[in-house]
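First the structure, which I've put down as structure tokens, then a few questions once you've had a look.
All heavy atoms count here, side chains included; hydrogens, waters and symmetry mates do not.
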Amino acid sequence: VQLQASGGGLVQPGDSLRLSCSASGFSFDDYAIGWFRQAPGKEREGVSYISNRDGTTYYADSVKGRFTISRDNAKNTVYLQMNSLKPEDTAVYYCAAPLSYSVRASLYPLDPHSYDSWGQGTQVTVSS
């Protein structure tokens, strides 16, 4: 099982970035995917979730209206479009799959404990 997050970088406030999460080693379209982030000195927090079947999405209040999650099952990839970035969005961003906790993830989609397969993160820095 492998999850690979990419697309991070250094941007200015108000800019946009699109993160990608490429997956392999499991049946991608059978699982939801979550995006999380962790800033220095802070706990990992849920950012967004997308289900595998009906495309149900959830967002943290802090990113609603600015971030959009989507998935392309043909490419085994989930995207996180991040617009109007703020300095407080600075963090390492991770994608994760709930391979053993699909039901829990559907109930608690932004809880890191609902996920047991994690990719390496990608750094997003928003600074002027």
Side-chain angles (χ1 to χ4, degrees):
V1 174
Q2 188 171 14
L3 293 161
Q4 178 76 45
S6 62
L10 172 62
V11 297
Q12 295 187 338
D15 284 352
S16 298
L17 277 175
R18 188 177 79 157
L19 304 184
S20 298
C21 173
S22 299
S24 62
F26 64 101
S27 183
F28 179 77
D29 50 5
D30 283 343
Y31 294 95
I33 297 291
W35 279 103
F36 297 81
R37 66 186 182 187
Q38 188 165 19
K42 294 188 177 181
E43 293 187 353
R44 190 170 296 189
E45 64 170 345
V47 174
S48 187
Y49 161 102
I50 186 164
S51 68
N52 59 311
R53 292 195 175 93
D54 62 5
T56 297
T57 59
Y58 293 99
Y59 298 93
D61 289 343
S62 58
V63 307
K64 279 181 184 176
R66 299 188 298 121
F67 290 11
T68 302
I69 191 171
S70 61
R71 67 189 293 160
D72 184 340
N73 286 342
K75 295 183 178 179
N76 282 14
T77 302
V78 170
Y79 304 99
L80 185 68
Q81 178 67 42
M82 307 187 297
N83 298 330
S84 302
L85 283 162
K86 303 176 181 180
E88 50 263 45
D89 295 319
T90 295
V92 178
Y93 284 71
Y94 302 87
C95 57
L99 300 188
S100 300
Y101 303 113
S102 289
V103 173
R104 177 181 169 83
S106 68
L107 298 174
Y108 307 103
L110 300 183
D111 183 349
H113 296 98
S114 298
Y115 297 80
D116 56 345
S117 183
W118 293 82
Q120 67 180 43
T122 185
Q123 176 71 47
V124 172
T125 303
V126 185
S127 175
S128 56

Notebook entry, point to check: Between Thr77 and Ser20, what is the shortest heavy-atom contact and its length?
Noted result: CG2-CB, 4.2 Å
Notebook entry, point to check: Could you walk me through whether Ile69 and Val78 pass the side-chain contact (heavy atoms from CB on, under 4.5 Å) check?
Noted result: CA-CA 7 Å; Ile69 191 171; Val78 170; 3.8 Å; yes
Checklist line | Test side-chain contact (heavy atoms from CB on, under 4.5 Å) applied to Val92 and Arg44, step by step | finding: CA-CA 9 Å; Val92 178; Arg44 190 170 296 189; over 6 Å; no
Notebook entry, point to check: Passes side-chain contact (heavy atoms from CB on, under 4.5 Å), Arg37 versus Asp89? Steps please.
Noted result: CA-CA 9 Å; Arg37 66 186 182 187; Asp89 295 319; 2.9 Å; yes
Item checked: Gap separating the OG atom of Ser70 from the CZ atom of Arg18, nearest 0.5 angstrom -> 7.0 Å
Note to self: Quiz question: by atom type and distance under 3.5 Å, do the side chains of Thr125 and Gln123 form a donor-acceptor pair?
What the structure shows: yes
Check: How many angstroms lie between atom OG of Ser22 and atom CD of Gln4, to the nearest 0.5 angstrom?
Finding: 7.0 Å
Item checked: Heavy-atom closest pair, residues Ala91 and Ala39 -> CB-N, 3.8 Å
Notebook entry, point to check: Can you get from Val11 to Val47 by hopping between Ile, Leu, Val, Met, Phe, Trp and Tyr side chains that sit under 4.5 Å apart?
Noted result: yes
Notebook entry, point to check: Is Tyr79 reachable from Phe28 through a run of I, L, V, M, F, W or Y residues, each pair having side-chain heavy atoms under 4.5 Å apart?
Noted result: no
Check: At what distance, to the nearest 0.5 angstrom, does CD of Glu45 lie from CD of Gln38?
Finding: 9.5 Å
Margin query: Treating Asn73 as the side-chain partner and Asp29 as the backbone partner, does any N or O pair qualify as donor plus acceptor under 3.5 Å?
Written below: no
Notebook entry, point to check: Judged by atom type as modelled, is there a donor-acceptor pair below 3.5 Å linking the side chain of Tyr115 to the main-chain atoms of Ile33?
Noted result: no
Margin query: Is there a path of hydrophobic side-chain contacts, each under 4.5 Å between heavy atoms of I/L/V/M/F/W/Y residues, joining Leu80 to Tyr94?
Written below: no
Checklist line | Hydrophobic cluster membership, Tyr49 vs Val63, 4.5 Å side-chain cutoff | finding: no
Item checked: Test: Asp61 and Lys64 ion pair at under 4.0 Å -> yes
Margin query: Using every non-hydrogen atom in the two residues, find where Ala32 and Pro98 come nearest and quote the distance to one decimal.
Written below: O-CD, 3.0 Å
Check: Any chain of hydrophobic side-chain contacts (each under 4.5 Å) joining Tyr101 to Tyr58?
Finding: no
Next item on the list: Examine distances only and state if a side-chain atom of Thr90 and a backbone atom of Val126 form a donor-acceptor pair shorter than 3.5 Å.
Entry: yes
Next item on the list: Heavy atoms only: give me the nearest Val1-Ser117 pair and the separation to one decimal.
Entry: CG1-OG, 3.0 Å
Next item on the list: Describe, in one word, how the ring planes of Phe26 and Tyr31 are oriented to each other, choosing from parallel (under 30°), tilted (30 to 60°) and perpendicular (over 60°).
Entry: perpendicular
Notebook entry, point to check: Closest heavy-atom contact between Ser100 and Asp116?
Noted result: OG-OD2, 2.8 Å
Item checked: Sub-6.0 Å ring centroid separation between Trp118 and Phe36 -> yes
Next item on the list: Could you tell me whether Arg66 sits above the aromatic face of Tyr59, with NZ or CZ closer than 6.0 angstrom to the six-membered ring centre and within 45 degrees of the axis?
Entry: no
Item checked: Test log, rule side-chain contact (heavy atoms from CB on, under 4.5 Å), inputs Phe67 and Leu85 -> CA-CA 9 Å; Phe67 290 11; Leu85 283 162; 3.9 Å; yes
Margin query: If you compare all heavy atoms of Leu19 against all heavy atoms of Gly8, which two are closest, and at what distance to 0.1 Å?
Written below: CD2-N, 3.6 Å
Item checked: Over 12 foreign heavy atoms within 6.0 Å of CD, Glu88 -> yes
Checklist line | Residue pair Asp54 / Ser51, side-chain donor-acceptor N/O under 3.5 Å | finding: yes
